[in-house]
Amino acid sequence: GEDFVFRIKLSGPSVLNDIFIKNESLNLRMNQDSADVFSYSFKNVTNLLSFRLNYLGFSSETYSISVVHKPSIFVSRVTVVPPAYTNIEASEFDNVSDFSVPFGSKVSWNFDLNYVDKFEFYADSTLIESVVSQETSVVSKNALKSFDCSFSAVGDRGLKTESNMFHVNVLPDYAPQIVAVSSVDSSSANGIFFSGHIADDYGFHSLTFNYFDSGNPASLKSQNIDLHPNVSQDFYYYFDFSGLSKSVSYYFEVRDNDVISGFKSTRTPLSLYTTITDEEKQERVNSLNSSIFDKIEESQMEFFNKRN
């Protein structure tokens with residue numbers, strides 16, 4: 001499909017007449033570029049072309065112009081299949097510009113190939129094997145980190161396409177977040193109410209309350225807390241420390257649902273609870289009541305003193 005300039009240079013006596021390009025269907029006058037140089041530009045050559053040169057009824061040997069097809073590549077479709085745990089639907093688009101995908105996605109490129117003998121696809125300078133069938137090729141890669149891509153092709157007689165380059169940005173799966181606060185159960189010696197909030201980009205595997213004897217970390221025990229499928233949710237929990245050691249360490253731990261690189265976890269800061277008996281609690285209540293009563297009496301005395 002490109003133009004081709006055929007040029008000859010003559011030697012000997014000066015040429016006084018025109019030179020023609022001839023075959024069964026052609027009779028073309030060549031352009032005289034100088035005294036001994038002639039040329040003709042063939043436009044949009046798409047097939048094998050054979051001809052002779054004719055001058056004053058004399059013909060030359062046969063010349064042939066062979067056509068070599070340039071290889072070409074066209075991206076017909078890009079498919080992105082995120083991991084099932086993300087609950088994100090697969091998507092398709094038809095360009096090869098830079099794009100972003102969730103961590104762990106399977107990315108597949110479908111290529112249409114024309115006049116290609118060899119097709120190469122690189123991700124961060126590593127050649128990826130492609131599935132080639134007739135005039136198509138499929139390349140797939142699991143996206144675990146961001147990477148640069150390039151592809152090119154080689155055709156007949158070593159003709160190469162330009163290298164096409166683009167970048168795939170992989171969106172990380174972040175660790176979950178958690179906050180929790182506590183409040184005392186006034187009706188129990190060691191009961192504590194907890195409330196908190198957890199959030200993650202895709203969801204959770206578990207939420208646990210964990211506690212152990214402060215002097216013996218190996219005594220760790222865990223209790224599961226029910227969760228909803230929401231990626232952001234509040235939780236409420238009640239725990240009675242009665243019957244445990246005098247000093248108990250505890251924390252909440254949430255794990256996300258990343259099945260590819262493993263469940264990532266986040267904990268609340270380690271807290272310390274000192275248990276008390278019912279008698280000790282009653283003493284604290286009595287002491288608190290006495291303190292309140294004393295303050296009331298003091299306030300009353302100040303009021304009457306001001307009145308008088």
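The structure displayed is predicted, hence computed values, not measured ones.
- A distance of 13.0 Å separates CZ of Phe51 from CG of Asn27, quoted to the nearest 0.5 Å.
- Separating the CG atom in Leu270 from the OG atom in Ser214 is a distance of 7.5 Å, to the nearest 0.5 Å.
- The distance between the ring centers of Tyr55 and Phe38 does not fall below 6.0 angstrom.
- When all heavy atoms of Leu227 and Ser206 are compared, the pair lying nearest together is CD1-C, 3.8 Å.
- Side chains of Ser64 and Ser50: a donor on one and an acceptor on the other come within 3.5 Å.
- Here the closest non-hydrogen pair linking Pro176 and Thr266 is O-OG1, 2.6 Å.
- Here Asp3 contributes atom CG and Ser41 contributes atom OG; the two are 5.0 Å apart, rounded to the nearest 0.5 Å.
- The backbone N or O of Gln233 sits less than 3.5 Å from a side-chain atom of His197, completing a donor-acceptor pair.
- Judged by distance alone, the side chain of Asp117 and the main-chain N or O of Val154 form no donor-acceptor pair under 3.5 Å.
- Using a distance-only test at 3.5 Å, with no hydrogens or angles considered, a donor-acceptor pair links the side chain of Ser76 to the main chain of Asn110.
- Between Phe235 and Phe252, the ring centre distance stays below 6.0 Å.
- Of the N and O atoms on the side chains of Asp256 and Tyr85, not one donor lies less than 3.5 Å from an acceptor on the other residue.
- Under a 3.5 Å cut-off, the side chain of Ser72 and the backbone N or O of Tyr115 do not form any donor-acceptor pair.
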Q | Worked check of side-chain contact (heavy atoms from CB on, under 4.5 Å) between Leu272 and Ser247 | A | CA-CA 7 Å; Leu272 182 66; Ser247 178; 2.9 Å; yes
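- With rounding to the nearest 0.5 Å, the separation of CD in Glu253 from CD1 in Ile198 is 12.0 Å.
- Aromatic ring centroids of Phe4 and Phe6 lie 6.0 Å or more apart.
- Looking at heavy atoms from C-beta onward, Phe166 lies in side-chain contact with Phe99 at the 4.5 angstrom threshold.
- A distance of 13.5 Å separates OG1 of Thr136 from CZ of Phe74, quoted to the nearest 0.5 Å.
- With Ser232 contributing its side chain and Ala199 its backbone, the two residues share no donor-acceptor pair below 3.5 Å.
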**Q.** Worked verdict on Ile8 versus Ile19 for side-chain contact (heavy atoms from CB on, under 4.5 Å)
**A.** CA-CA 10 Å; Ile8 61 172; Ile19 298 177; 4.3 Å; yes
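- Between the CG atom in Leu220 and the CG atom in Asp213 there is a gap of 11.5 Å [rounded to 0.5 Å].
- In this structure, the side chain of Thr268 does not engage the main chain of Tyr251 through any donor-acceptor pair within 3.5 Å.
- Annotation: side chain of Lys106 is in contact with side chain of Asn142 (closest heavy-atom distance under 4.5 Å).
- The side-chain heavy atoms of Leu49 and Asn23, taken from C-beta on, include a pair separated by under 4.5 Å.
- Side-chain contact between Val254 and Asp200: absent, with no pair of heavy atoms (C-beta onward) separated by less than 4.5 Å.
- Side chain of Lys264 to main chain of Asp173: a donor-acceptor pair is present (N/O by atom type, distance under 3.5 Å, no hydrogens or angles).
- Looking at heavy atoms from C-beta onward, Val107 lies in side-chain contact with Val78 at the 4.5 angstrom threshold.
- For the residue pair Ser108 and Thr79, no side-chain donor N or O sits within less than 3.5 Å of a side-chain acceptor on the partner.
- Residues Phe103 and Leu144 form a side-chain contact, since some pair of their non-hydrogen atoms from C-beta on lies under 4.5 Å apart.
- Side chain to side chain, Ser39 and Asp33 meet the donor-acceptor criterion of an N or O pair below 3.5 Å.
- Across Tyr122, Phe111, Trp109, a single residue satisfies side-chain contact (heavy atoms from CB on, under 4.5 Å) together with Phe151, and that is Phe111.
- No donor-acceptor pair under 3.5 Å is formed between the side chain of Ser188 and the backbone N or O of Asp185.
- No side-chain donor-acceptor contact under 3.5 Å links Asn114 to the backbone of Glu135.
- Using modelled atom types, no side-chain atom of Ser222 and backbone atom of Thr208 make a donor-acceptor pair closer than 3.5 Å.
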